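Computed from a predicted structure; not experimentally measured.
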Amino acid sequence: MARTRLLGKKYRYEDVPMTSKEFRSVNHLRDGIVTALKYAAYSPASAIDRMLWPAIENAQILRKTYGVSTDVARKV
């Protein structure tokens with residue numbers, strides 16, 4: 001959103017940051033606090049999103065805007 005609104009650039013698939021797992025794999029890192037800090041420095045928005053997600057989820061549940069999907073299947 002910041003890229004498109006502030007910079008006026010279109011968002012492309014290549015702009016999606018790596019996941020933590022991909023970041024560790026590409027950089028040959030093991031799990032740990034130092035690796036977590038390196039990932040937070042690489043993608044601060046992802047780190048903030050993960051920290052705030054429980055609060056956002058609870059707010060959505062209370063406001064009844066939490067996404068729920070229901071699948072119905074039948075045997076053919």
Set of residues satisfying side chain to side chain contact (heavy atoms under 4.5 Å, CB included) with respect to T19, sequence neighbours excluded: K21, E22

Under 3.5 Å: donor-acceptor pair, side chain of Y42, backbone of M18: yes

Pairs involving residues 26-38, ordered by first then second residue, that meet salt bridge (Lys or Arg N to Asp or Glu O under 4.0 Å) (sequence neighbours left out): R24-D31

Side chain to side chain contact (heavy atoms under 4.5 Å, CB included) involving N27 - partner list, sequence neighbours excluded: F23, L29

In one Ile/Leu/Val/Met/Phe/Trp/Tyr side-chain cluster, 4.5 Å: I56, M51: yes

H28 side, atom NE2; T35 side, atom OG1 - distance, nearest 0.5 Å: 13.0 Å

Within one Ile-Leu-Val-Met-Phe-Trp-Tyr cluster: Y39 and I33, side-chain cutoff 4.5 Å: no

